[in-house]
Protein chains: 4
Amino acid sequence: MALTLMEGNEAIAWGARLAGCRFFAGYPITPATTVYNAMLRYLPPEGGVCMQGEDEIASIGFCLGASMAGWKAMTATSGPGISLYSEQISFAIGSEIPLVIVDVQRLGPSTGSATKGADGDIQFLQWGNSGGLPVIVLAPVDVRDCIILTMQAFNLAETYRCPVFVAANKEISMTRETVNLAALDLPEITQRPSADPAAPFLPFEAASDDAAPAFLPIGAERPVRQTSSTHGPDGYITTDPELIARNQERLQKKIMSQAHRFSYFDEMISPDADTLIIAYGITARAARTAVETLPEDGPPASLLILKTLWPVPEDLLRQKAASYRRIIVVEMNLGQYVREIQRVLADKTIRFLGQMNGELIKPGQIQEVVIHG
Amino acid sequence: MALTLMEGNEAIAWGARLAGCRFFAGYPITPATTVYNAMLRYLPPEGGVCMQGEDEIASIGFCLGASMAGWKAMTATSGPGISLYSEQISFAIGSEIPLVIVDVQRLGPSTGSATKGADGDIQFLQWGNSGGLPVIVLAPVDVRDCIILTMQAFNLAETYRCPVFVAANKEISMTRETVNLAALDLPEITQRPSADPAAPFLPFEAASDDAAPAFLPIGAERPVRQTSSTHGPDGYITTDPELIARNQERLQKKIMSQAHRFSYFDEMISPDADTLIIAYGITARAARTAVETLPEDGPPASLLILKTLWPVPEDLLRQKAASYRRIIVVEMNLGQYVREIQRVLADKTIRFLGQMNGELIKPGQIQEVVIHG
Amino acid sequence: MALTLMEGNEAIAWGARLAGCRFFAGYPITPATTVYNAMLRYLPPEGGVCMQGEDEIASIGFCLGASMAGWKAMTATSGPGISLYSEQISFAIGSEIPLVIVDVQRLGPSTGSATKGADGDIQFLQWGNSGGLPVIVLAPVDVRDCIILTMQAFNLAETYRCPVFVAANKEISMTRETVNLAALDLPEITQRPSADPAAPFLPFEAASDDAAPAFLPIGAERPVRQTSSTHGPDGYITTDPELIARNQERLQKKIMSQAHRFSYFDEMISPDADTLIIAYGITARAARTAVETLPEDGPPASLLILKTLWPVPEDLLRQKAASYRRIIVVEMNLGQYVREIQRVLADKTIRFLGQMNGELIKPGQIQEVVIHG
Amino acid sequence: MALTLMEGNEAIAWGARLAGCRFFAGYPITPATTVYNAMLRYLPPEGGVCMQGEDEIASIGFCLGASMAGWKAMTATSGPGISLYSEQISFAIGSEIPLVIVDVQRLGPSTGSATKGADGDIQFLQWGNSGGLPVIVLAPVDVRDCIILTMQAFNLAETYRCPVFVAANKEISMTRETVNLAALDLPEITQRPSADPAAPFLPFEAASDDAAPAFLPIGAERPVRQTSSTHGPDGYITTDPELIARNQERLQKKIMSQAHRFSYFDEMISPDADTLIIAYGITARAARTAVETLPEDGPPASLLILKTLWPVPEDLLRQKAASYRRIIVVEMNLGQYVREIQRVLADKTIRFLGQMNGELIKPGQIQEVVIHG
């Protein structure tokens, strides 16, 4: 068994490579820069392109162009960079441009602490764009997840033609762990469904309301219309309310109706527990230890680790939480994802454990809540 | 009685002037541009400054500078501009810089339809920045509100030293209505609490955890430290977890603990109704008509018009909804604020009526839901 | 007699103020920043505007806008900033927008040495824009010149509606000297010739081919057309060769035909000398000392100090040099203005003394050339 | 014999390809855009990179980076873009970064006439940067020259490590001509002189004052220091006057001392003529026709076509002009290169024929000057 020592950012790059990513553009920012560094080693020797834009706005613009031309594309930044991506994230949503965006969260607000982790962008990733249509957000827990979830992120981006975020943070991304690359159970790689270039083609006509349109690249023989304005199936700007509504609703439905297919999670079930801990990201590791090391004479607890944060896996949550009375939500912020849990599991007693001080939440802090409430 | 015919954007500018706004910077974008036009008429003759930046990023930067120098400042844009403001909104939150930001929403995503209204940025305004700390969002219903809520927005920005949004949209902002300016019941104007320039001064030390620090302007005799990084009371960057936590929690608490003071609303109560309609913005006007013209032989309905959207007025909602079985939430998007209602009023039957097609929601559509569910 | 101790940059700002400058925008760069600092003290209290743009491109853009609106405007930078002004200098030339641009030269190329002086931009100032039409360049020798030539620069900019440069450098601009402000013989202030707003108006129609058009401000009641494209008298874009030619030739002739009116200079005449030293800027001061302290038993030399560099004062040069056999040109570069002297005084023996090492040229170096050739 | 129909811009791209160019970045501007289009067809299939930057500043920045990494790089723009390149042209001069810059001149000033040719940037190309150190400017006359001079431009850029301009204009670049590619007498390709990566290395130490330093790429195993500030041989910033002077003088001398090696020209000699026409660029073609079709009973004229404009080929000019009394300089501007001729050939009678109206100068206009003076 050959073990590789790898940090999370390198693992994300590795996953991108396995997923067939051929284009990366970004602008350096701690703690995301080493994703760029790794892509720079991987892509050019294999005929891909890895480049630094003049700034974040240019960088995501390059990615969208590459993706429209048919290449699998990724970018990586931290919170302040997600801000600068915002306008073009909205463009990618409305114009159905696949893109994987890695957010290596640091402690905010603003530039905050560059070398301290947080889960500060969890609502930002879904809502940080105009219009409020859904995106997909995956949250890795460790280096293994960084590889596999990044691969899934590409599969989802290509299938649903939308931005897919990998919500890492400084602690996951810059900590080295051993991983047995040969032993990983890798997902199959999905390709973007292509249209027949010889058949009649409408760039935003989907087979059904639950699906993304079939794809043809811009710049090839067949002209492909693209626009950032409201449009009908033909890609022409329109003010027809019916055409607009149909497209907007499809943009929502193509993702929401399929969310059950990619509600990734892990769990640790303690029989007889009436408490379920819900955690994600780096904190899930502390939660795991907390559950494993709870005193035998105290109350037991189960653990649900969410790896898909958006769309909120409502069915999964209801099903997994059904038998518990009390839910403890743990995250490295002052209360973000707990709002979704409150909404979905309104009939439960919900406790929140959060902090926003640049430190990891420790297993003992979680146990304290389990035991003393 | 002298009536003035005024559009919403002009009314916002008028309110800003009454509130003592002395600085406006922005970049033109339909349907927000006429706020700029009006400020250009008002400010310079009175010694204020009104200017166009090179782009949205420069524009909000100018505003933050003016505000740090002690001037009441405002900017206005639409969805794509809010995206470009995102980085500096985060800076304003973390560095406690008062600013009023007008978002004249258009139909998104992306550039969408420049001349069609929507409530597409309702989650974006709260969450469109890194870190997830609270801001304040007010939503006017008509020209009168545009004046009064803009004045309140300045009062809140100055009191809590944070960004305050006025969430208008194309229909409110570009429709002319008559208003009797002389008859308006105007709020008193609040000034930013100033520190004693002769006393010892720490720029981020607040009297209590529920309060913003007292203010001294940059550029005056006493040096004032300002930073976008995590800092202690002295404004120096710090990595001390305790100092960081205390400041972050105060940034949240200074607003959340006082939210009941500014939970603005209107209501129309129908005795015997078991249905409460919740609406905001332009749609509240359709809801009002819907309630007024419900058929006498059908079920009655009450109406709660929210004018403060963020922080979510949870106490108000619980109190006002207490006697109703069914809640109907109406908004011009595919479901944004309804998520907050679901979270807060989880024990109620909640129905959502939304659309995102560039058209206004009509009273008849709301009545249809009241009557047939 | 009250003496004031003042550095050159402050004197430039003082001259601007005396000339009626009401608008300044710039971006900080050593050694030009203190012009900005001084304008910041002068302008706002008198109702003027002083501001920093997002960058040099935005800054000169603000100045052009202010000038088109009828305000006397100035900006200041150093070599790298002149580069960034280039595109809009060309716009100001073609669209006849008055502007005073201060270039506090540092040692180049590129960022070079920020705190070392040079005459490195002497050709750049005339030619650093597309099209090759004339501008005006004045070169102060000392603090007194900084005041008076800046005033002249405004007079010329307003009269000829073109960019006028003040070519200072680090040594002139950041050295403090005493000056008796009360004793200065100040030039009269010229106002931009205005058109009659009530009469028919063509924005680019001049009274003659030797003149700039009369001015009306943009933004006032009468619409004024402005364009960066080739245009006829009406300001509409045109491809008519005759209209284009007439306008281009007027842009050249309005300045060149009047150059004799503003060929500023100083001189020190030594009877019997057959050598004439030509110098400008800070080096003129070393040349003055050199001439004054030449050994009595050696060859004498006269000195011509040019204060108008562009348009090259050809008539003045020919007249002043007529009686000399030998010309020595001294400048702090590797040979720039000497090219013009070679062109105009081709029948003379021309010697060049230059250096580009960040040091001032010393009187002894000049004497060495006078004595030993 | 296989003839190819090719426009000038395509020919420039073809020459670049033959010269081994592997990197192109630019921003679209008429009439330069088709250089980009052609490079886009040539480069990627051969492993090169062709890209559009966010703007002209980013584009030339990418080129400089590629060149520092050891790739032959080119960019293309028109006058307004040269303005935006200015700052980095100065960086390339001072930091000895090889780069070929194509300027497809349009009629200026400013945006002027996008689809009309001119020779408006002839002084701009040499002087449009801070510091005034020499660059190289080549001027093609036809499609054949576009190929061959572009190849020479690369050879010169690599040999002298400086920016080399190809000064085309709209008429040369966008007119299609037949060219027999197989019959061209192509120059040999020069490679950038490399340092021994295993030997001690100072990045700015040249073998002599007449030479550029040997090159090592940034980003390879051996660290290579690069700076935009004044520096000594080791690439560290310095304020030592002697080190600065030595480097600046070498930057001048490495080009000026070798200028005779690349003073390209064509000529048509009419025995007995006392008139020499000097022309360059597209106008040389009219001059050729003018000379060929002069009436037999009138004065004959010879023609010198300059293909190297900068450094001014002074020796060549003096030698070629020696036997003529009268010089006629023809160019599409209001008098730019004629200044250099006046300077160098001061003892001749010099006549200037120029125009700046968007039209080509016709053979008859030139003949008129030959015949009637």
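From a predicted model like this one, the values you see are computed outputs, not experimental measurements. Naming: A, B, ... by sequence-line order, numbering from 1 per chain.
Using a 4.5 Å cut-off between heavy atoms, C:Ile57 touches chain D through its side chain atoms alone. Residue D:Glu249 touches chain C through both its backbone and its side chain, counting heavy-atom pairs closer than 4.5 Å. Heavy-atom distances place no part of C:Ser95 under 4.5 Å from chain D, backbone and side chain included. Using a 4.5 Å cut-off between heavy atoms, C:Leu84 touches chain D through its side chain atoms alone. Heavy atoms closer than 4.5 Å to chain C are found in the backbone of D:Thr238, but not in its side chain. Within the 4.5 angstrom heavy-atom criterion, only side-chain atoms of D:Glu359, from C-beta onward, approach chain C. Contacts between D:Leu133 and chain C at a heavy-atom distance below 4.5 Å involve the side chain alone, from C-beta outward. Both the backbone and the side chain of C:Gln248 come within less than 4.5 Å of a heavy atom in chain D. There is no contact between D:Val338 and chain C, counting heavy-atom distances below 4.5 Å.
Comparing C:Gln126, C:His231, C:Arg339, C:Lys116 by heavy-atom pairs within less than 4.5 Å of chain D, the highest count is held by C:Arg339. The candidate with the highest count of non-hydrogen atom pairs below 4.5 Å against chain C, out of D:Gly128, D:Gly81, D:Ala346, D:Pro241, is D:Pro241. Options D:Asp119, D:Leu334, D:Ile341, D:Leu345 differ in how many heavy-atom pairs under 4.5 Å they form with chain C, and the most are formed by D:Leu334. Note: C:Gly112 leads C:Ala245, C:Gly132, C:Gly112 in heavy-atom pairs under 4.5 Å with chain D. Interface remark: of the candidates D:Gly79, D:Gly94, D:Ser229, D:Ala118, D:Ser229 forms the most heavy-atom pairs closer than 4.5 Å to chain C. Per-residue counts of heavy-atom pairs under 4.5 Å with chain C were compared for D:Pro80, D:Ser130, D:Gly120; the largest is that of D:Ser130. Annotation: maximal heavy-atom pairing with chain C below 4.5 Å, among D:Ile237, D:Ile244, D:Asn129, D:Leu125, occurs at D:Asn129.
For OH of D:Tyr324, the number of neighbouring non-hydrogen atoms (other residues, nucleotides, ligands) closer than 6.0 Å is greater than 12.
Side chain of D:Ser113 to main chain of C:Thr230: no donor-acceptor pair is present (N/O by atom type, distance under 3.5 Å, no hydrogens or angles). At distances below 3.5 Å, not a single donor-acceptor pair connects side-chain atoms of C:Glu242 with backbone N or O atoms of D:Asn357. In this structure, the side chain of D:Gln342 does not engage the main chain of C:Gln342 through any donor-acceptor pair within 3.5 Å.
Of all residues in residues 103-110 of chain C, those placing a non-hydrogen atom less than 4.5 angstrom from a non-hydrogen atom of chain D are C:Leu107, C:Gly108, C:Pro109, C:Ser110.
Rounding to the nearest 0.5 angstrom, the gap separating the OG atom in C:Ser83 from the CZ atom in D:Phe91 is 13.0 Å. Rounding to the nearest 0.5 angstrom, the gap separating the CD1 atom in C:Ile82 from the OG atom in D:Ser90 is 12.0 Å.
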